[in-house]
Number of protein chains: 2
Amino acid sequence: MSDKREHILTSAEKLFAEKGFDGTSVRDIAQQAGVNLAMISYYFGSKEKLLEALIEFRAMYAYGILEELNKNESLSPWDKIDRLVEFYVDRILNNLPFHNIMYQESATNYRSEEIKQKVIKIKMRNLDQITKIIADGQQRRLFRQVDIPMTVGTIMGTISSYTQSRTYSCLILALQEDTSDETYRSRLAVRLKSHLKHLLRAHLDIRNEVEPQS
Amino acid sequence: MSDKREHILTSAEKLFAEKGFDGTSVRDIAQQAGVNLAMISYYFGSKEKLLEALIEFRAMYAYGILEELNKNESLSPWDKIDRLVEFYVDRILNNLPFHNIMYQESATNYRSEEIKQKVIKIKMRNLDQITKIIADGQQRRLFRQVDIPMTVGTIMGTISSYTQSRTYSCLILALQEDTSDETYRSRLAVRLKSHLKHLLRAHLDIRNEVEPQS
DNA sequence: ATAATTCAATTAAACGTTTGTTTAATTCAA
DNA sequence: TTGAATTAAACAAACGTTTAATTGAATTAT
């Protein structure tokens with residue numbers, strides 16, 4: 001992929017994440033990337049095809065790491081859970097703009113079939129990988145028979161609820177809104193990882209056989 | 001509030017939830033509501049003020065129920081947690097369009113100060129109410145010293161991760177996409193409530209003193 | 001080695017729609 | 001008769017996309 005094409009993609013990524021797809025004009029993107037307006041159509045064909053290309057471009061990031069985690073037989077299911085949390089929190093915090101685009105796009109039905117399918121494919125890939133780890137722990141009688149898809153929703157939803165709105169996160173983390181990206185991300189990472197590890201440990205541990213009252 | 005004004009608000013709500021604020025035109029809204037285009041400016045002044053009015057209109061829904069829950073001294077903290085889950089799941093599933101708008105709007109910074117403040121105020125209200133319940137349980141030595149804001153993120157995030165995309169939810173629930181709204185919501189409600197009750201029971205119970213390995 | 005050719009890259013300008021908003025005339029019940 | 005409600009029409013600006021001309025570096029021919 002040419003440098004210029006990639007530069008347009010990352011420029012668009014930044015704007016889509018901040019202002020949304022419909023809130024971003026092709027002229028915004030051209031200006032942000034420092035290229036002529038017509039280059040977007042020239043390279044991608046249309047604004048929607050540009051979004052499609054962006055998803056294609058980013059969807060490949062970090063492929064394989066989770067597969068490796070699953071195949072590593074020297075790790076206990078508990079180790080895998082901890083590494084899973086580390087991996088997801090880091091990956092999302094290091095790709096905040098793209099994650100915010102996925103966050104927004106998965107909530108709308110008004111995109112091309114290609115885009116909708118790509119978005120859902122990414123979600124299903126996450127679901128599958130985490131499912132394998134939890135199911136393995138259940139088979140070894142270490143984990144309770146929790147609702148796996150709901151547990152995946154808990155992991156992703158917890159992270160998303162703190163990555164979608166920087167204003168809100170900064171309030172919770174007691175940070176000023178103009179804190180540097182690096183400080184913000186590392187504080188949030190520590191907090192999210194610690195919480196999710198405690199949460200999943202209590203939630204999954206087969207020794208915690210608790211029943212809701214109702 | 002006049003009938004017509006309210007009718008425009010609910011028409012806009014439906015469209016904003018489906019297509020997003022920027023993806024919805026004032027002409028879309030006028031057509032959906034069956035009123036003349038100029039009536040939107042006449043009643044609300046602008047498209048953004050209409051969104052502001054919508055948030056104002058909906059923000060009041062179910063005010064007071066949580067306060068009541070907090071004041072009810074005959075309920076144990078565990079009872080309150082279960083009722084909290086019931087309340088939130090039902091409230092969100094019965095107000096899906098508005099919840100989806102909040103979901104989208106909390107992810108963007110490109111709205112008027114008034115709108116951004118209203119959105120964050122709603123989030124803080126939720127945080128405060130749940131905080132009181134959990135802190136009460138902690139004081140009574142029933143709950144562990146969990147990270148309360150993160151736990152609130154887990155509750156809201158888990159629900160949101162299954163309300164944002166009907167396509168994804170239907171895949172998980174093994175439902176066809178054209179299932180009736182009623183069936184869809186009741187199935188999802190059962191699943192979410194059960195999961196969240198189990199999750200919070202294990203997470204909060206002071207007897208589950210587990211430490212992450214790392 | 002130089003000139004001619006070629007074609008992808010780039011540009012400014014324009015295309016026809018659609019956008020949010022306003023205007024000025026009209027309706028209609030009080 | 002008054003004034004709020006409603007309308008069709010128009011507004012300028014912004015939208016996504018296309019066009020047609022131009023650049024410029026690599027390739028080919030002389």
It should be established whether A/Asn36 places a side-chain nitrogen or oxygen under 4.0 Å from OP1 or OP2 of nucleotide C/dA9. no
Starting at CD of A/Gln31 and ending at P of C/dA12, how long is that distance when rounded to a whole Å? 13 Å
At less than 4.0 Å, is any side-chain N or O atom of A/Tyr42 found next to OP1 or OP2 of C/dT11? Yes or no. no
Let me know the distance between NZ of B/Lys47 and C1' of D/dC15, rounded to the nearest Å. 13 Å
For C/dT10 and A/Lys4 - does any side-chain N or O of the residue sit under 4.0 Å from the phosphate oxygens OP1/OP2? yes
Separation of B/Phe21 atom CZ from C/dG20 atom C1', in whole Å? 10 Å
Where does the angle between the aromatic ring planes of A/Phe21 and A/Phe16 fall among parallel (under 30°), tilted (30 to 60°) and perpendicular (over 60°)? tilted
Using a heavy-atom cut-off of 4.0 Å across all strands, would you classify A/Ser41 as base, sugar-phosphate, or nothing? base
Please report, rounded to the nearest Å, how far the C1' atom of C/dA12 is from the CD1 atom of A/Ile40. 15 Å
Residues A/Lys193, A/Glu86; criterion salt bridge (charged side-chain N to carboxylate O under 4.0 Å, His left out); working and verdict: CA-CA 6 Å; A/Lys193 287 175 184 175; A/Glu86 297 265 351; 3.2 Å; yes
So A/Ile115 and A/Glu48, do their side chains get closer than 4.5 Å, heavy atoms only? yes
Please report, rounded to the nearest Å, how far the C1' atom of C/dT18 is from the CZ atom of A/Arg27. 12 Å
Considering only heavy atoms from C-beta outward, does the side chain of B/Ser194 approach that of A/Met150 to under 4.5 Å? no
Which nucleotide in D/dT19, D/dG16, C/dG20 has an atom nearest any side-chain atom of A/Ala38: D/dT19
Taking 4.0 Å as the cut-off, does a side-chain nitrogen or oxygen of A/Ser25 come that near to OP1 or OP2 on D/dA14? no
Just checking B/Tyr162 against B/Tyr168, ring centres under 6.0 Å apart? yes
When all nucleic acid strands are considered with a 4.0 Å heavy-atom cut-off, which category describes B/Leu37: base, sugar-phosphate, or nothing? base
Rounded distance (Å) that lies between atom C1' of D/dG16 and atom CG of A/Leu15: 16 Å
Can you measure A/Glu48 atom CD to D/dG16 atom P for me and round it to whole angstrom units? 12 Å
Which angle, rounded to 10°, do you find between the first-five-pair axis and the last-five-pair axis of the helix from C/dA1-D/dT30 to C/dA30-D/dT1? 10°
Side-chain (A/Ser186) to main-chain (A/Thr183) donor-acceptor, under 3.5 angstrom: yes
Exactly one of B/Lys118, B/Arg5, B/Lys49 should register a salt bridge (Lys or Arg N to Asp or Glu O under 4.0 Å) with B/Glu56. Which one does? B/Lys118
Can you measure B/Met39 atom CE to C/dT27 atom C1' for me and round it to whole angstrom units? 12 Å
